[in-house]
Amino acid sequence: MSRARLPNLGWLVVGYGITVLLGRLTVGGPGTLSLVWPAAGVAAAWFWSLTPVASRRRILIDYVALAGITFIVLLATAATWTMALDRALGAVLQFLVMVEVLRRTATSRDALGRPVMANLADLGRLTAVAAVGALVNTLVALVVLLPDGEVAWSDAVNLWTRQVAGVVCLGLPLLVLWHGDDRSRRSGRFGLMAVGATSAVVFGAAFWWFSGTPLGYALLVPSIAAGTLLRPAGAAAHGVISATAAVCFTLAGSGPFSRALAGEAYTSIAQLCAMLIVVTGLSLSLVRAESRQLADRLAERARDSEVRLDEVSTIIETVHDGIVVIKQDGSVPLANPAGLQLVGAALAEQDESPAAGSYRTFHADGRPLTRDDRPSLLAMRTGEVVVQTVTQRADGRPDRVLRVIATPIDGPAEDPQRRVVVVLTDVTLVDEERRSLASFAGIVAHDLLNPIGVVDGWAEALQEAFEDHGVVTSDVGSPMVERVRRSARSMQHFVQDLLAFTTARDRAIEPRPVDLSLLVGELAALRRDVTPAAGGPAIEVSPLPRVFVDPFLMRQLFDNLLGNAVKYVAPGTVPHVCVDSVPGPAGFATLRVTDNGIGIPEGERDKVFDEFQRLQPEGYSGTGLGLAICRRIIERHGGHIWVESAPDQPGSRFAFDLPLTASSLAASPG
Ligand code: ADP
């Protein structure tokens with residue numbers, strides 16, 4: 001026996017015995033049938049509570065118990081052997097059929113697979129099952145008892161009514177009370193009081209004060225009240241009590257049905273009314289419970305959708321990519337702020353947009369984007385996803401490069417015209433970086449190819465000289481070898497500068513306090529040593545501050561600047577360089593390297609800090625990377641570098657800021 005059966009089964013077995021006994025108390029005389037049969041309701045609850053938890057074989061024991069109790073109680077209450085046997089057999093077949101039919105219906109089930117009363121359809125199905133079971137029981141009585149003359153045809157009809165009434169008036173409410181209701185929601189106190197009062201008044205009137213008046217129809221009023229004011233469990237309890245009261249009063253001889261018809265029929269009429277009372281209350285209450293559940297579910301879904309909609313809206317509003325939805329008729333049902341900002345500029349998707357006219361849009365290869373080429377229109381026309389990179393050009397503003405993905409989607413049923421979702425990403429920076437990398441690679445390749453060509457050319461000339469003369473004299477060979485070596489050196493410098501450039505750009509900086517007087521003093525001494533004779537550079541180093549910088553990069557910075565200062569002088573001029581410092585912006589010192597060189601024209605002063613920018617390709621060797629390295633180093637220390645003309649003399653003055661302390665370095669944006 002499964003655990004799930006235990007709580008109810010004992011009570012049901014005892015309850016069945018008691019209700020069989022109660023039913024037997026209503027027999028008209030020895031050998032006649034009972035007038036009411038509440039036992040059918042208890043047995044229904046008993047077997048429904050097993051279905052389909054128990055296997056058919058295990059349920060056999062319950063059928064034996066059912067037959068045994070029926071047989072014994074009937075014999076004990078003066079029934080004949082035949083009748084007791086017949087009723088036991090009838091009961092077994094009735095519930096056997098009910099259980100089997102129920103197994104095959106679509107009635108709602110609980111987690112264990114037992115039937116529950118969740119809605120109006122369940123009420124209908126279970127009532128029909130009860131009617132079929134009762135019919136089988138009645139047929140058994142007809143087959144066995146009718147030929148013996150123990151029952152008449154009219155008894156058979158009454159028997160069927162009693163069996164159905166027993167199940168409907170007691171079995172169904174028990175099912176609702178045990179399994180079928182949402183216990184977390186109780187009937188309200190006001191509802192209980194109103195139903196109680198209405199029932200007392202109506203039943204009092206029908207069975208007491210105006211007993212004998214045909215007030216049977218009025219008995220439905222309390223049921224309607226129970227159905228509309230109480231939860232299904234409350235309506236079920238009200239149904240059982242009212243039905244029992246109606247039948248008991250009728251049996252006691254009072255009420256609207258007591259004298260309605262002669263003989264036993266009056267109890268059958270009373271039982272039909274009792275069924276109506278129960279079914280009315282239950283069905284109204286079930287419909288209300290169902291619609292309330294539906295409303296709860298709908299409200300919950302509405303809440304969920306609202307939350308989700310909020311989330312999605314926030315995401316759409318905050319993403320950096322522009323999102324624009326365009327309908328077939330050209331209207332724009334959705335555009336996020338980034339989309340609005342880009343869409344006027346981007347694509348000129350909407351000629352109607354005020355900003356569209358001021359922009360011109362081009363393909364990546366420079367062709368103007370025609371109206372038919374627009375990604376949104378292409379996607380609308382072809383029904384396929386279109387991905388394009390376009391350039392926006394506007395007067396007085398830098399070009400903007402956008403990646404556009406246009407995805408066609410079908411509209412909802414109520415507005416089925418096609419839409420295109422356009423996602424716009426500003427890829428200007430990425431594009432710039434890509435272009436500058438490509439041009440960097442191109443320049444590197446070009447600048448390396450040049451000296452390689454020179455090396456190859458002079459090596460070939462040398463080889464030819466060998467082939468022509470067998471021996472090459474030093475006055476012929478030496479200049480050739482010298483040119484090869486010069487080119488090799490130039491390549492070496494170039495590669496060194498490239499390495500220095502990448503180091504300045506990518507190497508993690510390791511800042512610490514650095515005494516600049518010491519560092520620059522050392523570098524100046526090295527420079528002087530290169531050309532120690534008279535005519536060598538004069539480099540003056542004023543007292544310089546201690547700064548908080550990466551010493552390796554500082555050495556690279558000052559070496560480049562001193563190198564340029566002594567290099568870019570007019571022929572015959574002795575270089576004269578002065579390094580000093582003045583107070584800079586908060587937390588920074590401004591360092592200055594002033595020379596007496598050829599100077600830099602005002603219009604070129606920003607350009608010289610770009611990669612590969614050389615103002616004097618002839619006469620002065622170089623790669624055009626030195627100042628780009630300096631700018632990168634300064635920027636990584638949170639400073640700024642610029643060039644101006646040297647005061648009171650021809651020449652240039654390079655000035656830049658360096659952090660004095662760790663905190664000023666940390667606070668800087670570099
Ligand atoms: P490189 O010296 O290898 O050519 P740089 O980046 O160091 O490359 O310098 C870029 C250009 O700036 C040089 O070609 C030169 O024309 C100019 N320049 C740099 N320093 C000076 C200076 N002290 N005086 C005059 N011109 C300079």
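Both counts, for ligands and for their atoms, begin at 1 and track the order of listing. Just so you know, residue 1 is the first one in the sequence shown, and it goes up from there. Keep in mind it's a predicted model, so treat the numbers as computed, not measured.
- Counting only non-hydrogen atoms, the option in F494, F609, Y568 that gets closest to atom 14 (O) of ligand 1 is Y568.
- Shown here is E602, whose CD atom has no more than 12 heavy atoms of other residues, nucleotides or ligands within 6.0 Å.
- The shortest separation from a heavy atom of Y620 to ligand 1 is not under 4.0 Å, leaving the residue out of contact.
- Short contacts between ligand 1 and R614, defined as distances under 4.0 Å to a heavy atom of the residue, involve ligand atoms 1 (P), 4 (O), 14 (O).
- Among residues at least two apart or in separate chains, there is no salt bridge (Lys or Arg N to Asp or Glu O under 4.0 Å) pair with a member in residues 658-667.
- Under the 4.0 angstrom criterion for non-hydrogen atoms, K567 is in contact with ligand 1.
- Between S376 and V420, the shortest heavy-atom contact is O-CG2, 3.7 Å.
- Atom 7 (O) of ligand 1 has as its closest protein heavy atom N564 ND2, 2.8 Å.
- Remark: ligand 1 and G622 share no N or O pair separated by less than 3.5 Å (distance only, no angle test).
- The aromatic rings of Y568 and Y620 sit tilted relative to each other, their planes meeting at an angle between 30° and 60°.
- Less than 4.0 angstrom separates some heavy atom of L625 from each of these atoms of ligand 1: 6 (O), 8 (O).
- Checking D372 against T370 by side-chain atom types alone, no donor-acceptor pair falls below 3.5 Å.
- Atom 16 (O) of ligand 1 has Q616 OE1, 2.5 Å as its closest protein atom, hydrogens excluded (heavy atom only).
- Proximity to Q613 (heavy-atom distance under 4.0 Å) selects the following atoms of ligand 1: 10 (C), 11 (C).
- Between L627 and ligand 1, at least one N/O pair is under 3.5 Å apart.
- In this structure the side chain of L561 never reaches within 4.5 angstrom of the side chain of V579, judged on heavy atoms.
- With N596 contributing its side chain and V574 its backbone, the two residues share a donor-acceptor pair below 3.5 Å.
- The shortest N/O to N/O separation between D497 and ligand 1 does not fall below 3.5 Å.
- At the top of the distance list for atom 12 (O) of ligand 1, counting protein heavy atoms only, stands V608 CG1, 3.4 Å.
- For atom 23 (N) of ligand 1, the closest non-hydrogen atom of the protein is D595 OD2, 2.9 Å.
- Aromatic ring centroids of F558 and F656 lie under 6.0 Å apart.
- Salt bridge K607/D610: absent, no basic N to carboxylate O contact under 4.0 Å.
- Only the side chain of I600 comes within contact range of ligand 1, with a heavy atom under 4.0 Å; no backbone atom does.
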**Study point:** Full working for side-chain contact (heavy atoms from CB on, under 4.5 Å) between T623 and F501
**Key:** CA-CA 11 Å; T623 58; F501 179 69; over 6 Å; no
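- Contacts of N560 with ligand 1, taken as heavy-atom pairs under 4.0 Å, are absent altogether.
- Using a 4.0 Å cut-off between heavy atoms, F654 contacts ligand 1 through its side chain alone, with no backbone atom that close.
- The atoms of ligand 1 that sit less than 4.0 Å from any heavy atom of T623 are 1 (P), 3 (O), 4 (O).
- In summary, the atoms of ligand 1 found under 4.0 Å from a heavy atom of G624, numbered by their order in the structure, are 1 (P), 3 (O), 4 (O), 6 (O), 8 (O).
- Screening residues 305-330 for salt bridge (Lys or Arg N to Asp or Glu O under 4.0 Å), with sequence neighbours left out, gives K327-D415.
- For S621, no nitrogen or oxygen atom sits less than 3.5 Å from a nitrogen or oxygen atom of ligand 1, counting backbone and side chain alike.
- Atoms of ligand 1 lying under 4.0 Å from any heavy atom of S652, numbered from 1 in the order shown and given with element: 24 (N), 25 (C).
- Of all the heavy atoms in N560 and C630, the pair that sits closest is CB-SG, 3.6 Å.
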